[in-house]
Amino acid sequence: MRTKLCLISLLLFLLAEPLPSWAQLSISAQWKARAIEASETIVTLQAKLKKLPRESKEASLLGCKYMLEFAYVSQLTAEEITHKRETNAEVFHLVLNGGDAGIFDLAYVYTKEGKHTMTRVDHLPKDWHIFLFPDHPVQFGLSSDDLCTFIFNMSNPFESASEVNPNHRPSQ
């Protein structure tokens, strides 16, 4: 009985303690949390993709989302490539596989204290294009061949998105 009372008291104490907010997590913990979220999203995307005709517009859209989510998952599966600790900085890479065209490598650079200092493009696949938005200077777009378009936020890597290029014509 006494053990149950202690466990209940401990549980109530833990529930009463405020959980750390996203912003209170270290930058490494934020990237790992986003990677875990992406791994869960990928499972859902895979299940949906299996049910769709390969060349449908919906499959193309899910494929673009899959590509972006896979870049986040790589924080867990290829950390030696996607996470670098330097003398005065910590660098996280979002890497998209462009097949024969090469890789897209977007690096977010932080101080040791976790303050974002810059975003840089380390690699751009052949025939992929970066475009800038005059009305949204914190964002830029990336067009991969004729299929996917990605929007990246240079200040917040977790606010990235993907879509099918509106000019893409899937074969039916």
Side-chain angles (χ1 to χ4, degrees), residues 19-42 44-45 57-170:
L19 294 173
S21 72
W22 184 259
Q24 292 172 317
L25 294 174
S26 73
I27 196 61
S28 290
Q30 288 180 42
W31 277 89
K32 285 204 186 326
R34 179 60 181 91
I36 291 167
E37 178 184 310
S39 67
E40 295 166 358
T41 301
I42 279 181
T44 303
L45 290 172
K57 185 164 183 156
E58 189 176 358
S60 296
L61 176 60
L62 293 178
C64 294
K65 288 182 180 191
Y66 185 95
M67 195 173 180
L68 181 60
E69 293 301 309
F70 192 82
Y72 287 109
V73 169
S74 297
Q75 297 299 316
L76 298 173
T77 61
E79 189 173 0
E80 67 282 356
I81 296 168
T82 60
H83 183 201
K84 306 284 185 194
R85 287 184 175 87
E86 299 172 357
T87 306
N88 292 315
E90 196 166 3
V91 183
F92 294 88
H93 296 264
L94 276 180
V95 179
L96 300 175
N97 184 349
D100 292 339
I103 64 165
F104 173 72
D105 183 357
L106 181 62
Y108 289 87
V109 183
Y110 300 86
T111 64
K112 281 188 191 178
E113 295 77 29
K115 182 181 183 299
H116 180 248
T117 59
M118 89 169 107
T119 303
R120 68 179 191 239
V121 175
D122 285 355
H123 295 281
L124 181 66
K126 183 180 181 204
D127 295 328
W128 286 31
H129 304 281
I130 291 177
F131 47 97
L132 307 175
F133 305 106
D135 294 337
H136 303 281
V138 75
Q139 295 178 327
F140 74 92
L142 173 70
S143 177
S144 69
D145 55 47
D146 69 336
L147 179 60
C148 297
T149 299
F150 301 94
I151 306 298
F152 294 98
N153 184 308
M154 290 186 283
S155 299
N156 186 344
F158 312 121
E159 290 183 5
S160 300
S162 64
E163 59 187 47
V164 173
N165 185 327
N167 298 321
H168 176 66
R169 305 270 187 261

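Using modelled atom types, one side-chain atom of T82 and one backbone atom of S74 make a donor-acceptor pair closer than 3.5 Å.
Interatomic distance, L61 CG to L45 CG, rounded to the nearest 0.5 Å: 9.0 Å. Here CZ of F131 is found 6.0 Å from OG of S143. Values are rounded to the nearest 0.5 Å. To the nearest 0.5 Å, the span separating CD on E37 from NZ on K32 amounts to 15.5 Å.
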Discussion item. I'd like to know whether S28 forms a side-chain contact (heavy atoms from CB on, under 4.5 Å) with E90, so could you lay out the CA-CA distance, the side-chain angles of the two residues, the decisive distance to 0.1 Å, and finally the verdict.
Written reply: CA-CA 9 Å; S28 290; E90 196 166 3; 2.5 Å; yes

Discussion item. Working note: M118 + M154, criterion side-chain contact (heavy atoms from CB on, under 4.5 Å); need CA distance, chi angles, decisive distance, verdict.
Written reply: CA-CA 8 Å; M118 89 169 107; M154 290 186 283; over 6 Å; no

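A salt bridge is defined here as a Lys NZ or Arg NE, NH1 or NH2 lying under 4.0 Å from an Asp or Glu carboxylate O, and R34 with E69 meets this definition.
Between F70 and Y66, the ring-plane angle classifies as parallel under the 30° and 60° cut-offs. Classified by interplanar angle (parallel below 30°, tilted 30° to 60°, perpendicular above 60°), the ring pair F158/Y72 is tilted.
Taking 4.5 Å as the limit, some side-chain heavy atom of W31 sits within range of a side-chain heavy atom of L94. Side-chain contact between L96 and L142 is present, with heavy atoms from C-beta onward closer than 4.5 Å.
Shown here are the salt bridge (Lys or Arg N to Asp or Glu O under 4.0 Å) partners of E159, two or more places apart in sequence or in another chain: there are none.
Sequence neighbours left out, the pairs with a member in residues 94-108 that pass side chain to side chain donor-acceptor pair (under 3.5 Å) are H93-D105.
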